[in-house]
Amino acid sequence: MLYNRKNFFCQEPEPAVSPGKRQKAKAKVEEEEVWRWWEEEKRADGVKWSTLEHKGPVFAPRYERVPRNVRFYYDGKPLELSEETEEAATFYAKMLNHDYCTKEVFNNNFFKDFRKSMTPREREIIKDFRKCNFQEMFNYFQAESEKRKAASKEEKLIKKNENEALMKEFGFCMIDGHKEKIGNFRLEPPGLFRGRGEHPKMGMIKRRIQASDVSINCGKDSKVPSPPPGSRWKEVRHDNTVTWLASWIENVQGQVKYIMLNPSSKLKGEKDHIKYETARRLDKVIDKIRATYRDEWKSKEMRVRQRAVALYFIDKLALRAGNEKDEDQADTVGCCSLRVEHVQLHKELNGKENVVVFDFPGKDSIRYYNEVEVEKRVFKNLELFMEHKKEGDDLFDRLKTQVLNEHLKELMEGLTAKVFRTYNASKTLQSQLDLLTDPSATVPEKLLAYNRANRAVAILCNHQRSVPKSHEKSMENLKEKIKAKREAIEKCESEYHSRDEKKGKQLERLRDQLKKLELQETDRDENKTIALGTSKLNYLDPRISVAWCKKHDVPIEKIFNKTQRTKFLWAVHMADENYRF
DNA sequence: GTTAGCACTTAGTAGGGTCGTC
DNA sequence: GACGACCCTACTAAGTGCTAAC
């Protein structure tokens, strides 16, 4: 089967809202609107755009007071609250059934900020968090949520239309003469900060953002977005060396937050393309780099040895760089910031020699646990690095991410620690696809192979997810279906005799269906705690997947959903079936 | 050389939308 | 048409890495 762009997408699984013609016309319009930036020359001067015009961000809806019969109770008695205090109370009430509310730090931080929002009189009364009762408010929001779910078709349609209108007005910008989608055009609404892991600031109140907090970035000759009546932007600037459209400083951690473009945009796509090209360049020098760092394990200089061992881990295990962190953040680490308590050395473990057991909280406080057999020299070095150190001491005390990256840049232009993660992820996908794909297999079988290759990457990168609530149930359902299918096959077999062509066909169909269900069962169970999406979106060169689909006659929409297809449109156009990473 | 600030990428999850099944 | 499962997307936190200022 030949794949031009048209038939590559022709098996769209999305519902046909209207038959044939209209759909085709729409697809044509969409196609015409596509900016084929990958066919244009890249700018090398750091200028990101020439013209930029947008409508500014959408503000969070005004606070609406809860009905008077929905009360906050203090010490068993209803207490009327001022508007600001009530709003803060609703932030907590909305989270009442969440795990966060069982955490002392969360409750303490919230209560401290809650008291700050109070009037002096309220502050005089509300002194003990344990005497606060948000239950009635919680019940109210639950009921509201139920109401929304149970709304009539018409009501839901009105909401949908309103949303679409808002998206149409604020969700796009004009950049260099092209209409592009904005990623997050709404300002973050006020609420409680949900830091991950043991975050010391969890529960603090994220305050409402006003126009006076927001900086706008747009073209010099463009129409400046209008702030809400009676207000002014913090600043309007025209900086074409950055990609953001608006920014503000968030009050909990003091970080800058941005309004930026959607991943389907040229600005993001071009950067993504460059990222994978850098990783491909690494492929050309990786053997030399590996030989060098192995050599440096013997260096006389401790800092060189540490750098070489750290780089080995970054390369072999796809660890993150591990920048230093502040005290007021969750205690998480990456490679360079590993401490002695995060690794254990075993001369022998489970029949393997020179085993390093990694056990540390990584990004998002996701646990990284891995028992790794390492080269003897690495093991000896680690013993040396750990000598005379106590808990809390850095494993690589002579190494910082910046030093490592400066070194890497000397080995290859544009090389940083994170390139290894991209490189090893994409390399793994490609080699696993080569290994697992049987060209004569059915499409479902090929998809299982693809998912397994994707899974190998997700495991390498430690992309975890919590087991979906419905996992147990959905596995049971699948098992039931499989059982029923087997029974149907048995029944069909008992009725079949060699000349009965119709029965034969039916039998064949049933067996196919059974196979498909069994494959689905394997796939789902293997995927229980592993998140495939993260690597697909951020680490896997999409051209590998595009090429694989083309080569093996697998419709691209079986691999990429609609969002992923728009993000990776450049790859769909660039890669043919012979593309190699 | 160190640190802080900035810009941008990477990350998991909540919850609403969609689809298949009865 | 109702219901439940699951898929998708928006959201926003948490990383990386660069640069400028001290």
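Since this is a predicted model, take the numbers as computed values, not measurements. The sequence lines fix the lettering, A, B, ..., with proteins before strands; numbering per chain opens at 1.
- Across B:dC8, C:dG17, C:dA14, the shortest atom-to-atom separation from the side chain of A:Lys48 is found for B:dC8.
- With DNA chain C read from its 5' end, the first of the two nearest nucleotides for A:Lys409 and A:Arg186 is the one closest to A:Arg186.
- We find that CD of A:Glu162 is positioned 16 Å from P of B:dG16, with the value rounded to whole Å.
- Among the protein residues, A:Ala330 comes within range of no part of the nucleic acid, since none of its heavy atoms lies under 4.0 Å from any strand.
- Taking atom CD on A:Gln255 and atom C1' on C:dT12, their separation rounds to 10 Å, with Å as the unit.
- Between A:Gln564 and A:Pro189, it is A:Gln564 whose nearest contact on DNA chain C lies nearer the 5' terminus.
- Note on A:Thr332: only backbone sugar-phosphate atoms sit closer than 4.0 angstrom, heavy atoms only; bases stay farther off.
- Listed pair A:His463 / B:dA11 meets the phosphate criterion, a side-chain N or O lying under 4.0 Å from OP1 or OP2.
- The nucleotide whose nearest atom lies closest to any side-chain atom of A:Arg194 is, among B:dA11, B:dC8, B:dA14, B:dA14.
- Under the 3.5 Å distance criterion, with hydrogens and angles disregarded, a donor-acceptor pair is assigned to the side chains of A:Ser535 and A:Asn454.
- Between the CH2 atom of A:Trp244 and the P atom of B:dT9 there is a distance of 15 Å, rounded to whole Å.
- In this structure, A:Lys147 places its NZ atom where only 12 or fewer heavy-atom neighbours from other residues, nucleotides or ligands lie under 6.0 Å away.
- The CG atom of A:Leu408 sits 12 Å away from the C1' atom of C:dG17 (whole-angstrom rounding).
- Residue whose closest nucleotide on DNA chain B sits further toward the 5' end, between A:Lys160 and A:Thr241: A:Thr241.
- At a threshold of 4.0 angstrom between heavy atoms, the contacts of A:Gly362 are confined to the sugar-phosphate backbone, with no base atom among them.
- Within the structure, every side-chain polar atom (N or O) of A:His98 is placed at least 4.0 Å from both OP1 and OP2 of B:dT13.
- One can place CG of A:Asp99 at 10 Å from P of B:dA14, the figure rounded to the nearest angstrom.
- Within 4.0 Å (heavy atoms only), A:Gln253 reaches sugar-phosphate atoms of the nucleic acid but no base atom.
- Taking atom CG of A:Leu540 as the reference point, atom C1' of B:dT9 lies 15 Å away to the nearest angstrom.
- Contact between the side-chain N/O atoms of A:Thr534 and the OP1/OP2 oxygens of B:dA11 is not found at any separation under 4.0 Å.
- The side chain of A:Val242 lies closest to B:dA7 when the candidates are C:dG17, B:dA7, C:dG15.
- Heavy atoms of A:Gly195 sit under 4.0 angstrom from primed sugar atoms or phosphate atoms, though from no base atom.
- Residue A:Lys363 has its side chain nearest to C:dG15 when only C:dG15, C:dA13, B:dC8 are considered.
- The side chain of A:Lys418 contributes no N or O atom lying less than 4.0 Å from OP1 or OP2 of B:dT9.
- Looking at A:Asn184 and A:Lys257, their side chains never come closer than 4.5 Å, going by heavy atoms from C-beta outward.
- Residue A:Asp239 is the one, among A:Lys275 and A:Asp239, whose nearest nucleotide of DNA chain B lies closer to the 5' end (criterion: closest heavy atom).
- Taking only side-chain nitrogens and oxygens, A:Asn184 never comes nearer than 4.0 Å to OP1 or OP2 of C:dC11.
- The side chain of A:Asn538 lies closest to B:dA11, out of C:dT12, B:dA11, C:dA14.
- Of the side-chain N and O atoms in A:Tyr258, none sit less than 4.0 angstrom from OP1 or OP2 of B:dC6.
- The closest side-chain heavy-atom distance from A:Arg565 to A:Ile556 is below 4.5 Å.
- Between the side chains of A:Asp315 and A:Tyr293, at least one donor N or O lies within less than 3.5 Å of an accepting N or O.
- Using a 4.0 Å heavy-atom distance criterion, A:Arg320 is classed as a sugar-phosphate-only contact.
- A sub-4.0 Å separation between OP1 or OP2 of B:dG15 and a side-chain N or O of A:Ser145 is absent.
- Nearest nucleotide to the side chain of A:Asn405, out of C:dA10, B:dG12, C:dG17: C:dG17.
- Atom CD in A:Gln402 sits roughly 8 Å away from atom C1' in C:dG17 (whole-Å rounding).
- Rounded to whole Å, atom P of B:dC6 lies 17 Å from atom CG of A:Asn323.
- You'll find that the side chain of A:Tyr539 is closest to B:dA11, out of C:dA10, B:dA11, C:dC18.
- Both cation-pi conditions hold for A:Lys94 and A:Phe141: the charged atom is under 6.0 angstrom from the six-membered ring centre and inside a 45 degree cone around its axis.
- For the residue pair A:Asn323/A:Gln402, the side-chain donor-acceptor check at 3.5 Å is not satisfied.
- The listed nucleotides are B:dC8, C:dA13, C:dT16; the one nearest the side chain of A:Thr243 is B:dC8.
- The base of C:dT12 does not come close enough to the side chain of A:Lys257 for any donor and acceptor atom to sit less than 3.5 Å apart.
- Residue-level contact check: A:Gly322 touches the backbone only, with heavy atoms under 4.0 Å from sugar-phosphate atoms and none from bases.
- In this structure the side chain of A:Asn217 never reaches within 4.5 angstrom of the side chain of A:Ser247, judged on heavy atoms.
- A:Lys206 comes within 4.0 angstrom of sugar-phosphate atoms only, judged by non-hydrogen atoms across all strands, and of no base.
- One finds no side-chain N or O of A:Arg237 lying less than 4.0 angstrom from the OP1 or OP2 phosphate oxygen of B:dC6.
- Remark: A:Lys268 is in phosphate contact with B:dT9, judged by side-chain N or O atoms under 4.0 Å from OP1 or OP2.
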